[in-house]
Amino acid sequence: MHSRGTVETGAADWLLSSAGEEPGRVRLQWASGDGLADLPVGPLFDLVRMSGRLGMAVLRELRHSDAVVGPVMLAGASQVLSFLVPPGSAQQWKAWLEGTGHRRRRAVAAAGPGRVLRCPRPGCVRRGHVWLVRPGGPLTDSGALWAALRDSEAPRPREGASYALFR
């Protein structure tokens, strides 16, 4: 069985590997100032960001569907969830989002290379930023995340209510 420190160290090491040749800069950012480090998006992961209420509904839907849930970070002040998805997924998400209400409302956005994820060291809460699902394991599959987004919006029957397909 892993100790909490071992798991958090493994998660931190995984994030540090995304920093390329600058892991020292990331360690320094985590240890000083506001405790948040800027990690480059693209080498190890892309991001799908969702507004808090929608993102929490999608996270519940992913867990309900038994999909693999990869790292998820909550930025508390802005109420934005960042799902880490496989590199290259941002382009696919931008195509999927084209013409949807999510894009018009800016409720969902994708970020790829050239962007950064401002995050705390795993196991820490800094300026309202916290990992809801710790990094280090598999990333969330983009197709499963898209399906969870669609399914989280579907109307759900109230408890005890009966719905007929045909009347």
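- Here Leu81 contributes atom CG and Leu54 contributes atom CG; the two are 9.0 Å apart, rounded to the nearest 0.5 Å.
- The SG atom of Cys124 lies 10.0 Å from the CG atom of Leu36; values are rounded to the nearest 0.5 Å.
- If you take CE on Met50 and CG on Leu59, they are separated by 9.5 Å, rounding to the nearest 0.5 Å.
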Could you go through Leu16 and Arg27, starting from their C-alpha distance and side-chain angles, then the distance that decides it, and tell me whether this counts as side chain to side chain contact (heavy atoms under 4.5 Å, CB included)? CA-CA 8 Å; Leu16 286 169; Arg27 281 190 190 96; 3.6 Å; yes
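- The backbone N or O of Ala19 lies less than 3.5 Å from no partner atom in the side chain of Arg25, so there is not a single donor-acceptor pair.
- Residues Ala111 and Val41 approach most closely at O-CG1, 3.4 Å, considering heavy atoms.
- Between Asp38 and Gln29, the closest side-chain pair of non-hydrogen atoms falls below 4.5 Å.
- A distance-only check finds no donor-acceptor pair linking the side chain of Asp46 to the backbone of Val85 [under 3.5 Å].
- By the criterion of side-chain heavy atoms lying less than 4.5 angstrom apart, applied directly or through intervening Ile, Leu, Val, Met, Phe, Trp or Tyr residues, Leu47 is not grouped with Leu132; the two fall into different hydrophobic clusters.
- To the nearest 0.5 Å, atom CG of residue Leu28 and atom CD of residue Glu22 are 11.5 Å apart.
- Distance alone, capped at 3.5 Å, places no donor-acceptor pair between the His102 side chain and the Thr100 backbone.
- Using modelled atom types, one side-chain atom of Gln79 and one backbone atom of Gly76 make a donor-acceptor pair closer than 3.5 Å.
- Panel note: side chain Trp14, backbone Thr9; no donor-acceptor pair is recorded below 3.5 Å.
- Note that the CZ atom of Phe83 and the CG atom of Asp141 stand 13.0 Å from one another [nearest 0.5 Å].
- Between Arg118 and His129, the shortest heavy-atom distance links the atoms O-CD2, 3.5 Å.
- Side-chain contact between Pro43 and Pro87 is absent, with no heavy atoms from C-beta onward closer than 4.5 Å.
- Residues Leu117 and Ser82 have side chains in contact (heavy-atom distance under 4.5 Å, counting atoms from C-beta outward).
- The two residues Val133 and Val69 come nearest to each other via the heavy atoms CG1-O, 3.7 Å.
- Val48 and Phe45 are members of different hydrophobic clusters when ILVMFWY side chains are connected at heavy-atom separations under 4.5 Å.
- No continuous path of ILVMFWY side-chain contacts below 4.5 Å connects Trp96 to Leu84, so the two sit in separate hydrophobic clusters.
- Put simply, the side chain of Trp30 gets close to the backbone of Cys119: a donor and an acceptor are under 3.5 Å apart.
- Checked by atom type and distance alone, the side chain of Gln92 never pairs as donor or acceptor with a backbone atom of Ser142 at under 3.5 Å.
- Minimum heavy-atom separation, Leu97 to Trp146: CD2-CZ3, 3.9 Å.
- We find the CG-CD distance between Asp151 and Glu61 to be 5.0 Å, quoted to the nearest 0.5 Å.
- Residue Val26 is grouped with residue Leu44 when hydrophobic side chains (ILVMFWY) are merged at heavy-atom distances under 4.5 angstrom, including chains of intermediate members.
- Minimum interatomic distance between Leu62 and Ala144 (heavy atoms only, all atoms of both residues): CD2-O, 3.6 Å.
- With a 4.5 Å cut-off on side-chain heavy atoms, Pro120 and Met73 count as touching.
- Among all heavy-atom pairs drawn from Pro86 and Thr140, the shortest one is CD-O, 3.2 Å.
- Cluster annotation: Val80 and Leu39 are assigned to distinct hydrophobic clusters (Ile/Leu/Val/Met/Phe/Trp/Tyr, side-chain heavy-atom contacts under 4.5 Å, transitive).
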